[in-house]
2 protein chains.
Amino acid sequence: MGSSDVASPPTEGSEAPTAAQARIIAAALDLFARYGVGGTSLQMIADEIGVTKAAVYHQYRTKDEIVVAAAEAELATLDAVVATAESEPSRKRARDALVSGIVDLAIDRRRTVGTLLNDPVIGGFFVDHERFRDVMHRLQRLLIGDDAGPQASVRTAMLIAAISGAVMHPFVVDLDDEVLRAELLRLARRFLGLPG
Amino acid sequence: MGSSDVASPPTEGSEAPTAAQARIIAAALDLFARYGVGGTSLQMIADEIGVTKAAVYHQYRTKDEIVVAAAEAELATLDAVVATAESEPSRKRARDALVSGIVDLAIDRRRTVGTLLNDPVIGGFFVDHERFRDVMHRLQRLLIGDDAGPQASVRTAMLIAAISGAVMHPFVVDLDDEVLRAELLRLARRFLGLPG
DNA sequence: GTCTATAGTGCGATAGAC
DNA sequence: GTCTATCGCACTATAGAC
């Protein structure tokens, strides 16, 4: 719990990356978190994994494709967390698994998540992204139930934003992972009106 | 309520911008929100206000200075909201004024706030920024009281992240301002354990 | 799958006239 | 406070050898 592999299983969606592509995506995500999407160049990505720009271009034809692939890879990990929660036997257990899964994921990706979610380029890309909307709707359904509507959407968006934004916030940047995890979980559950 | 001037009064901190500087800052904030900090060039800022790059350089010597000035301008508006709340006669009224003030600010800057707060460059800049920490501490004091500690910090960071992140979230991007405002206020108050 | 080499563009930044 | 003009550099992207 807390190390780096949350794994993106062969869920449906975009095709699985090759080993070379996975290295590019991992480097890109790390650099995006440090310098932002617009502040990261192909040269930096190439340097990070120790190859030339041309080698990177062999895998992805444009920088945009790398950004998309990186965003979709992160979405896949969230999808996996949602899918795991969905396989729980009861509604109550599913909801508990989802909340703690999201908190774990946010702590694990502490300096990555918020940057991706709040980057205007990626945000614009996700607005009409089918799988993104699907994952968010399934997430909402587990958290709140079948009653949709704007209120449920705001509640879902707020919880995601609260968790993914809080881990990066300059105000808690010094805080230990475990302290942050415990407190996030407690507050997230309270936000949802759950005991604990 | 909800239009564009929340105003940055002559609070202490960095010196007030001139008219030309204010135009640059406004253009920069708008472009940062659309393309990210790293994705915004001086040429884009110059074009946006209809001057040349050299004119922009006359006001700020580097791009970094523009980023800092823009971030500090936004911090000043938050400072003003906190200061207004602090002038309320009772603790209860101060807290209410603060929560609704922050929600109003987030709605007003709907496509601006989150980008700034979550940009890694600006985040790194704010970590050791004196005024930022001061504003956050005052904010925390109004929200939670004098008991400090990690739990209070996480709670504060989470509320700020929830509000500023939710307004930008792709999942609620289609929602009407007023619907979003009402729901955010309701949920924010609930998060704090307030009636309403 | 990786390399060298290079085309073409836009960047941040500066000098100096008005 | 704004302009024209320019420097040097890093960028995205491509071609072609290994």
Side-chain angles (χ1 to χ4, degrees), chain A residues 8 14-73 115-116 119-125, chain B residues 8 14-73 115-116 119-125:
Chain A
S8 47
S14 27
E15 53 291 320
T18 66
Q21 288 173 332
R23 264 179 284 133
I24 292 173
I25 290 175
L29 285 172
D30 185 53
L31 290 164
F32 290 168
R34 295 217 298 272
Y35 308 107
V37 176
T40 300
S41 71
L42 283 169
Q43 185 68 71
M44 291 160 78
I45 295 173
D47 289 349
E48 185 86 357
I49 56 183
V51 297
T52 62
K53 281 185 290 180
V56 175
Y57 268 106
H58 183 72
Q59 305 297 334
Y60 295 103
R61 297 171 72 178
T62 63
K63 183 185 170 181
D64 259 31
E65 278 188 24
I66 298 176
V67 175
V68 168
E72 280 175 340
T115 309
L116 284 177
D119 184 276
V121 179
I122 293 182
F125 168 69
Chain B
S8 48
S14 27
E15 53 293 318
T18 66
Q21 288 173 332
R23 262 179 285 133
I24 293 173
I25 290 175
L29 284 172
D30 185 53
L31 291 164
F32 291 168
R34 295 217 299 270
Y35 307 107
V37 176
T40 299
S41 72
L42 284 168
Q43 186 68 70
M44 290 160 78
I45 295 173
D47 288 350
E48 184 86 357
I49 56 183
V51 297
T52 62
K53 277 190 291 180
V56 175
Y57 269 105
H58 184 73
Q59 306 296 333
Y60 294 102
R61 297 170 74 178
T62 65
K63 184 185 171 181
D64 258 31
E65 279 188 25
I66 298 175
V67 175
V68 167
E72 282 177 338
T115 309
L116 284 177
D119 184 276
V121 179
I122 293 182
F125 168 69

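Per chain, numbering begins at 1; letters A, B, ... match sequence-line order.
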[X] [atom1] to [N] [atom2]: how many Å, rounded?
{"X": "B:K63", "N": "D:dC9", "atom1": "NZ", "atom2": "P", "result": "20 Å"}
{"X": "A:Q21", "N": "C:dT2", "atom1": "CD", "atom2": "C1'", "result": "15 Å"}
{"X": "B:I24", "N": "C:dG12", "atom1": "CD1", "atom2": "P", "result": "14 Å"}
{"X": "A:R23", "N": "C:dG1", "atom1": "CZ", "atom2": "P", "result": "9 Å"}
{"X": "A:Y57", "N": "D:dA13", "atom1": "OH", "atom2": "P", "result": "4 Å"}
{"X": "A:Q43", "N": "C:dT9", "atom1": "CD", "atom2": "P", "result": "20 Å"}
{"X": "B:R61", "N": "C:dG12", "atom1": "CZ", "atom2": "P", "result": "17 Å"}
{"X": "B:D47", "N": "C:dG10", "atom1": "CG", "atom2": "C1'", "result": "12 Å"}

Might you point out which heavy atoms bring [X] and [Y] nearest each other, and give the distance in Å?
{"X": "A:P17", "Y": "A:A22", "answer": "CB-N, 4.1 Å"}
{"X": "A:G38", "Y": "A:K63", "answer": "O-NZ, 4.0 Å"}
{"X": "B:F32", "Y": "A:P120", "answer": "O-CG, 3.8 Å"}

| Of A:T40 and B:G50, the one whose closest DNA chain D nucleotide lies more 5' |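 So the residue in question is B:G50.
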Which of B:I45, B:V68, B:L42, B:I25 passes side chain to side chain contact (heavy atoms under 4.5 Å, CB included) with B:Y60? Answer is B:I25
Checking B:Q21 side chain against B:T18 main chain: does a donor-acceptor pair fall under 3.5 Å?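 The answer is yes, because a donor-acceptor pair under 3.5 Å joins these two groups.
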Side chain of [X]: nearest nucleotide among [options]?
{"X": "A:K53", "options": "C:dG1, D:dT2, D:dA13", "result": "D:dA13"}
{"X": "A:H58", "options": "D:dC11, D:dG1, C:dT2", "result": "C:dT2"}
{"X": "A:A54", "options": "C:dG1, D:dT12, D:dA15", "result": "D:dA15"}
{"X": "A:V51", "options": "C:dA13, C:dT2, D:dA13", "result": "C:dT2"}

| message | On the nucleotide C:dG10, are OP1 or OP2 found under 4.0 Å from the side-chain N or O atoms that B:S41 carries? | response |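 Answer is no, no contact under 4.0 Å.
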